[in-house]
Amino acid sequence: MIKANSTAITEQWLGGISYEVAFWNNVYRWPHTFQGLMSWAHYGSVISLEGFDANAFLLTQDHPKVYDVGAGLSYAVGDHLDKEGELIPLDIHYMDPLANYFNRILKKYKKTLPAVEFGMTEYLSAFIPGDASLITIQNALDHSSSPIKGIVEALVALREGGVLYLNHHPNEAEIEHYKGFHQYNIDETAGELVIWNQSEKIYVGRLLGAFASVETKRMDNGHIVSIIRKQGDDVSMPAPLCKYVDHQADKAELCEVLLRYQFHNTSLVKNMKNSFRFGMFNVVQFLAQMLPWNLKMKVKRLIKQA
């Protein structure tokens, strides 16, 4: 079974921050890439999710709250509901562990977009007080240090009958050769959601049992979409899941990660290496994002197919 807490994996995840920040910094730097992003995103319009009618679902909820977790700076999820032709503002929260970096980018490039809220998938119930109607995680769960823990934490953060929506490219870690944030693969086998890496494989529906239902499908474009519904607060969490929501263990792990990270990053040489690493990624992304949006998307598709 994939381990819920791993200091080593969390530290490895921390090593991927430079690449992610450099990417978004340069997407926002160039007007054509920013416009390309906004033309693809649903910000300012009705919420739209591939393979799931989020608008219809949320209209059945009383004062629905939506959390787009691991959102980056994409603003991919729409922020309105359509109720019989009337657009209604949606209570939506864009959340990411790199919120401090992203909000600095918004300020740097003077973008009038909602601030990104801080929150980590692996500890989601500490940031969402069990009031979420819908939590969306798109192309981000496989970037987390413990995706199974993230799913369980999201279910705890949902209200009764709430939905966790997942949408991911299949087997990204394999394609990226387990570099940076990519440490886990998400896939679908015979309608089951599977999360795996080089040493572990877990069938999510079997693990969750009666606590939540899992509907998984592979879309025509290859995306893996899962709709995970929390069955209700009266359904007890199965014993195998309890270890994933262990606040004592979480505090111990985070303290260890913090102090080990501080210990390993206090030397002048290490700081210089980190600065060089970010500078290198920033230059690479500076050049990559100069390309016209359509050309860049074609190149990206070719790389994935190679």
Side-chain angles (χ1 to χ4, degrees), residues 4-5 10 47 49 52 54-55 57-72 74-81 88-100 102-103 113-138 140-141 143-167 204 207-214 226-239 241-255 257-258:
N5 293 307
T10 302
I47 186 169
L49 297 174
F52 177 61
N55 186 77
F57 167 71
L58 292 171
L59 288 176
T60 67
Q61 301 288 298
D62 185 30
H63 303 294
K65 275 192 175 184
V66 176
Y67 292 83
D68 185 14
V69 177
S74 65
Y75 298 96
V77 177
D79 57 342
H80 285 77
L81 290 175
I88 302 171
L90 181 60
D91 185 359
I92 184 167
H93 303 257
Y94 300 98
M95 185 174 283
D96 199 283
L98 303 185
N100 291 326
F102 295 155
N103 289 329
L113 291 164
V116 180
E117 300 177 20
F118 179 79
M120 296 187 71
T121 307
E122 300 87 345
Y123 312 101
L124 206 53
S125 64
F127 302 99
I128 302 175
D131 66 346
S133 300
L134 173 65
I135 295 174
T136 66
I137 306 178
Q138 302 192 70
L141 185 66
H143 297 179
S144 67
S145 62
S146 180
I148 297 298
K149 178 172 170 55
I151 289 174
V152 177
E153 284 277 344
L155 289 171
V156 173
L158 286 168
R159 62 175 63 169
E160 182 178 348
V163 167
L164 168 61
Y165 171 87
L166 307 177
N167 188 329
V204 176
L207 175 67
L208 297 180
F211 189 60
S213 65
V214 183
S226 279
I227 296 96
I228 304 178
R229 298 178 187 268
K230 185 174 182 178
Q231 297 292 64
D233 292 334
D234 58 332
V235 178
S236 298
M237 182 183 292
L241 299 184
C242 293
K243 67 178 182 179
Y244 291 101
V245 187
D246 186 337
H247 299 307
Q248 290 293 104
D250 288 347
K251 285 187 285 188
E253 180 188 2
L254 290 172
C255 287
V257 168
L258 174 64

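If you take CG on Leu208 and CG on Leu164, they are separated by 9.5 Å, rounding to the nearest 0.5 Å. A distance of 13.0 Å separates CD1 in Ile47 from CD1 in Ile88, rounded to the nearest 0.5 Å. Between Met120 atom CE and Met95 atom CE the span is 12.0 Å, to the nearest 0.5 Å. Separation of atoms CG (Leu241) and CD1 (Ile148) is listed at 9.5 Å; rounding is to 0.5 Å. Thr136 OG1 to Phe52 CZ: the interatomic distance, rounded to the nearest 0.5 Å, is 10.5 Å. The CG atom of Asp91 sits 7.0 Å away from atom OH of Tyr67, with the distance rounded to the nearest 0.5 Å.
Paired with Val163 under the rule side-chain contact (heavy atoms from CB on, under 4.5 Å), one option of Ile228, Leu134, Leu49 passes, and it is Leu134. Considering Ser144, Ser125, Ser146 in turn, Ser125 is the only one that fulfils the side chain to side chain donor-acceptor pair (under 3.5 Å) rule with Glu153. Here the rule is side-chain contact (heavy atoms from CB on, under 4.5 Å) with Tyr75, and of Asp68, Ile92, Leu113 only Leu113 fits it.
Using a 4.5 Å heavy-atom threshold, the side chains of Ile135 and Leu124 count as touching. Contact annotation: the side chain of Ile151 never approaches that of Leu207 to less than 4.5 Å [non-hydrogen atoms, C-beta and beyond]. Residues Val77 and Gln138 are in side-chain contact: their nearest non-hydrogen atoms beyond the backbone lie under 4.5 Å apart. Here the side chains of Ser133 and Leu58 are in contact, with some heavy-atom distance below 4.5 Å. You'll find the side chain of His93 stays beyond 4.5 Å of the side chain of Phe127, heavy atoms only.
The minimum heavy-atom distance linking Gly70 with Ala140 is given by the pair O-CB, 3.6 Å. Shown here for Gly72 and Val116, the closest heavy-atom pair between the two residues is O-CG2, 3.9 Å. The minimum heavy-atom distance linking Phe211 with Pro238 is given by the pair CB-CD, 3.6 Å. In this structure, Asp131 and Ile128 approach most closely via the heavy-atom pair OD1-CG2, 3.6 Å.
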Set out, in order, the CA-CA distance, both residues' side-chain angles and the distance that settles side chain to side chain donor-acceptor pair (under 3.5 Å) for Asp96 and Tyr94, then state yes or no. CA-CA 7 Å; Asp96 199 283; Tyr94 300 98; over 6 Å; no
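A donor-acceptor pair under 3.5 Å links the side-chain atoms of Lys230 to the main chain of Leu158, judged by distance alone.
Using a cut-off of 4.0 Å between Lys/Arg side-chain N and Asp/Glu carboxylate O, Asp250 and Lys149 are scored as salt-bridged.
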